[in-house]
Amino acid sequence: MEMHLYKTSTSSTRNGTVDSQVKSNPQKKLIYGQHHCGKGRNARGIITTRHRGGGHKRLYRKIDFRRNEKDIYGRIITIEYDPNRNAYICLIHYGDGEKKYILHPRGAIIGDTIVSGTEVPIKMGNALPLTDIPLGTAIHNIKITLGRDGQLVRAAGAVAKLIAKEGKSDTLKLPSGEVLLISKSCSAIVGHVGNVKANQKSLGRAGSKRWLGRLPVVRGVVINPVDHPHGGGEGRVPIGRKKPTTPWGCPALGRRSRKKNKYSDNLVVRRRSK
């Protein structure tokens with residue numbers, strides 16, 4: 001996919017980019033409405049996630065992360081935009097008449113075929129168990145538990161690598177640098193996730209960010225001291241602390257935020273570097 005600049009007619013489109021090859025016309029049977037509790041609030045109405053609110057209405061696209069159509073070939077019909085994720089999605093028409101959405105593999109074009117199974121070619125977009133994938137292969141949408149949806153490596157441009165095989169488990173290196181042990185019977189999809197340049201896209205104006213449901217973000221030093229530990233003082237003053245903190249006084253910028261006793265802790269061989 002190539003990014004194209006707008007033909008400048010107003011200041012709001014001067015730095016904006018768009019992908020003209022991606023459509024936004026979802027299948028009615030594969031979408032449904034979703035309820036948003038706006039502004040990042042919990043059931044008590046307290047803001048738990050800051051800078052969330054507003055945004056355009058969205059319909060959820062039902063994505064097939066499981067890929068359990070064994071040995072049934074499907075053809076890519078469209079490549080579409082999904083407002084609920086930064087990766088693009090593909091509409092697949094299977095040989096048995098089924099229609100489903102999947103994550104768009106990098107380099108896949110309209111008309112390409114995909115298939116899932118145990119004895120399928122190692123080709124971009126095909127899904128097969130880790131035991132049948134050769135070492136060094138780039139993969140995404142990896143299952144952690146047999147029978148469930150793929151849970152790992154689903155963001156735009158993400159890719160993991162199969163680096164070792166031993167016993168009943170395979171060793172994977174994730175995009176974060178973390179190394180995990182995954183059961184050989186779990187499946188994955190060959191190739192990168194598409195829309196690799198998602199982080200290089202220019203929205204062009206502040207209003208485009210508001211359409212995505214993101215509110216403006218300001219530095220702590222310019223907030224009142226009642227609202228942020230960095231706030232207060234006359235003019236440009238330092239934060240007055242040895243280390244930066246969050247609005248609630250917890251250490252920020254460097255402290256690890258991973259949960260203790262997370263469900264996947266026993267799968268980790270080497271932690272991520274940062």
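Just the heavy atoms: all of them, side chains too, but no hydrogens, waters or symmetry mates, feed the values below. Positions are given from 1 along the sequence.
In terms of hydrophobic clustering, with Ile, Leu, Val, Met, Phe, Trp and Tyr side chains grouped at heavy-atom distances under 4.5 Å, Val237 and Val221 are assigned to different clusters. Follow the hydrophobic side-chain contacts under 4.5 Å out from Leu162 and you never reach Leu146; the two are in separate clusters. Taken together through direct or relayed side-chain contacts under 4.5 Å among Ile, Leu, Val, Met, Phe, Trp and Tyr, Ile122 and Leu172 form part of one hydrophobic cluster.
Not one N or O on the side chain of Arg210 forms a donor-acceptor pair closer than 3.5 Å with the backbone of Ala206. Using modelled atom types, no side-chain atom of His93 and backbone atom of Gly97 make a donor-acceptor pair closer than 3.5 Å. Side chain of Asn86 to main chain of Ala156: a donor-acceptor pair is present (N/O by atom type, distance under 3.5 Å, no hydrogens or angles). Between the side chain of Asn126 and the main chain of Pro121, a donor-acceptor pair closer than 3.5 Å is present. Checked by atom type and distance alone, the side chain of Lys209 never pairs as donor or acceptor with a backbone atom of Leu215 at under 3.5 Å. Between the Thr118 side chain and the Leu128 main chain, no donor and acceptor come within less than 3.5 Å of each other. Under a 3.5 Å cut-off, the side chain of His230 and the backbone N or O of Thr245 do form a donor-acceptor pair. Although no hydrogens or angles enter the test, the distance criterion places no donor-acceptor pair under 3.5 Å between the side chain of Tyr94 and the main chain of Val115. The backbone N or O of Leu212 lies less than 3.5 Å from a partner atom in the side chain of Arg58, making a donor-acceptor pair. A donor-acceptor pair is defined here as one N or O able to donate and one able to accept, closer than 3.5 Å; no such pair exists between the side chain of Asn224 and the backbone of Val226.
Counting only N and O atoms by type, the side chains of Ser264 and Arg258 include a donor and acceptor under 3.5 Å apart. No hydrogens or angles considered: a donor-acceptor pair under 3.5 Å links the side chains of Glu80 and Thr78. Side-chain polar atoms of Gln151 and Asn141 form no donor-acceptor pair below 3.5 angstrom.
By the neighbour-count criterion of 12 heavy atoms within 6.0 Å, atom NZ of Lys123 is densely surrounded, having more than that number from other residues, nucleotides or ligands. Other residues, nucleotides and ligands contribute at most 12 non-hydrogen atoms within 6.0 Å of the OH atom of Tyr73. Residue Glu119 places its CD atom among 12 or fewer non-hydrogen atoms of other residues, nucleotides or ligands, all under 6.0 Å distant. By the 6.0 Å contact criterion, CG on Asn25 is open, its count of non-hydrogen atoms from other residues, nucleotides or ligands being 12 or less. Within 6.0 Å of the CZ atom in Arg148, the count of heavy atoms belonging to other residues, nucleotides or ligands does not exceed 12. Within a 6.0 Å sphere centred on NZ of Lys165, heavy atoms belonging to other residues, nucleotides or ligands number more than 12. Counting heavy-atom neighbours within 6.0 Å of Lys70 NZ, excluding the residue itself, gives a total above 12. Atom NZ of Lys184 is surrounded by more than 12 heavy atoms from other residues, nucleotides or ligands within 6.0 Å.
Note that OG of Ser183 and NZ of Lys143 are 11.5 Å apart. Values are rounded to the nearest 0.5 Å. From Leu59, atom CG reaches atom NZ of Lys57 across 9.5 Å, with rounding to the nearest 0.5 Å. Atoms CG and NZ, from Leu91 and Lys99 in turn, are 7.0 Å apart once rounded to the nearest 0.5 Å.
Nearest heavy-atom pair, Ile76 versus Ala108, reported as atom, atom and distance to 0.1 Å: CD1-CB, 3.7 Å. Across all their heavy atoms, Thr131 and Asp170 have their closest contact at N-OD2, 4.0 Å. Here the shortest heavy-atom pairing between Ala87 and Ala155 reads CB-C, 4.5 Å. Taking both residues in full, the closest heavy atoms of Ile72 and Gly95 are given as CG2-N, 3.8 Å, listed atom of the first, atom of the second, then distance.
Electrostatic pairing of Glu69 and Lys100 counts as a salt bridge here, judged by a charged N lying under 4.0 Å from a carboxylate O. Ion pairing of Lys260 with Asp265 is absent here, as no side-chain N (NZ or NE/NH1/NH2) approaches a carboxylate O to less than 4.0 Å.
Checking Ile102, Asp64, Ile63 one by one against Ile89, the side-chain contact (heavy atoms from CB on, under 4.5 Å) holds for a single residue, Ile63.
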